[in-house]
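Along the sequence shown, residues are numbered consecutively beginning with 1. The figures here come from the full heavy-atom set of this structure, side chains too, leaving out hydrogens, waters and symmetry mates.
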Amino acid sequence: MIAVIQRVSQATLHIEGALQASIQQGFVVLLGIHVDDTPEDVAYLAGKIAGLRIFSDEEGKMNVDLQAINGELLLVSQFTLYAATRKGNRPSFLESARPEQAIPLYELMIKTLTEKIGKQIQTGVFGADMQINLTNDGPVTIIIDSKNP
């Protein structure tokens, strides 16, 4: 499982022109689910995301986590994170989990992150065509792979 975590000052997510989700300061997390992923990958990644200290403290150092700033989180499933581009110019997505496997893991991630950060998170809609607008703060972007702890 791969998470691309962007520290943002704000973000919105629209589906078919309608606002689906909106957050202020916090994280936008793009989540790729691999065919080999399990609930253990969810637990590991959710713990890393919730504990990630990438907000500035009083001295301007990245030393504060999401909960300490009362930040918000927008989680978006993104199967394209497992695109294989080695051959040719058309990506293959054979390493991405199929919906029947990915949806329960995505829902478990929503539940686990909500519990870990102590508040409901915002989400996209699995499989939908979404438009995300965000202001990456820093910019700060972190990639975490549960298979490479």
Side-chain angles (χ1 to χ4, degrees), residues 1-55 65-149:
M1 192 170 286
I2 292 177
V4 177
I5 302 136
Q6 298 177 83
R7 184 180 77 179
V8 300
S9 57
Q10 65 79 34
T12 57
L13 183 144
H14 290 83
I15 299 173
E16 295 180 10
L19 181 65
Q20 167 71 26
S22 177
I23 66 167
Q24 293 302 308
Q25 185 180 30
F27 294 155
V28 170
V29 178
L30 306 176
L31 184 70
I33 302 172
H34 190 270
V35 294
D36 294 334
D37 286 337
T38 66
E40 288 75 26
D41 293 287
V42 172
Y44 171 79
L45 212 49
K48 294 299 277 186
I49 293 166
L52 197 58
R53 298 184 323 184
I54 59 172
F55 294 97
D65 67 15
L66 189 64
Q67 209 170 6
I69 64 150
N70 197 28
E72 298 179 281
L73 192 147
L74 171 59
L75 179 70
V76 180
S77 177
Q78 189 171 353
F79 75 95
T80 60
L81 290 175
Y82 279 107
T85 58
R86 190 171 208 146
K87 292 183 181 178
N89 293 318
R90 184 169 179 255
S92 166
F93 301 105
L94 295 175
E95 297 295 314
S96 296
R98 305 264 322 137
E100 55 272 11
Q101 176 193 8
I103 291 171
L105 291 173
Y106 178 65
E107 291 172 349
L108 180 59
M109 180 63 82
I110 294 167
K111 179 179 183 280
T112 305
L113 281 171
T114 297
E115 291 169 358
K116 288 199 175 288
I117 66 170
K119 67 161 81 172
Q120 188 62 45
I121 68 170
Q122 299 290 310
T123 66
V125 174
F126 189 93
D129 182 16
M130 298 172 270
Q131 291 72 49
I132 303 169
N133 295 300
L134 60 89
T135 304
N136 190 318
D137 182 20
V140 175
T141 302
I142 307 287
I143 300 171
I144 303 174
D145 184 343
S146 67
K147 300 298 191 221
N148 189 16

Side chains of Ile15 and Asp129: closer than 4.5 Å at any heavy-atom pair? no
Is there side-chain contact between Ile5 and Thr141, with at least one heavy-atom pair below 4.5 Å? no
By salt bridge (Lys or Arg N to Asp or Glu O under 4.0 Å), Lys147 pairs with (sequence neighbours left out) Asp37, Asp41
Using 4.0 Å as the upper bound for N to carboxylate O, is an ion pair formed by Asp137 and Arg7? yes
When you compare the side chain of Leu108 with that of Ile110, does any pair of heavy atoms fall below 4.5 Å? no
How would you list, by chain and number, every residue that makes a salt bridge (Lys or Arg N to Asp or Glu O under 4.0 Å) with Asp36, sequence neighbours excluded? none
Considering non-hydrogen atoms only, spot the tightest contact between Ala50 and Asp65 and give its length. O-CB, 4.0 Å
For Arg98, side-chain hydrogen bond (donor to acceptor under 3.5 Å, both in side chains) partners two or more places apart: none
Can you tell if the side chain of Ile144 reaches within under 4.5 Å of the side chain of Ile2, non-hydrogen atoms only? no
Sidechain N-carboxylate O distance under 4.0 Å for Glu115, Lys111: yes
State, with a plain yes or no, whether a side-chain heavy atom of Val8 is found less than 4.5 Å away from one of Gln25. no
May I ask you to check whether over 12 heavy atoms, not counting those of Glu16, lie within 6.0 Å of atom CD? no
Residues at least two apart in sequence or cross-chain that pass side chain to side chain contact (heavy atoms under 4.5 Å, CB included) with Thr12, listed by chain then number, are Gln10, His14, Leu19, Ser22, Asn133
Does anything in residues 29-49 form a ring pair (Phe, Tyr, Trp, His ring centres under 6.0 Å)? List the pairs, not counting sequence neighbours. His34-Tyr82
Below 6.0 angstrom between ring centroids: does that apply to Tyr106 and Phe79? no
Could you tell me which residues satisfy side-chain hydrogen bond (donor to acceptor under 3.5 Å, both in side chains) with Thr85, sequence neighbours excluded, listed by chain and number? none
What I'd like to find out is whether the side chain of Leu74 reaches to under 4.5 Å of the side chain of Ile121, using heavy atoms alone. no
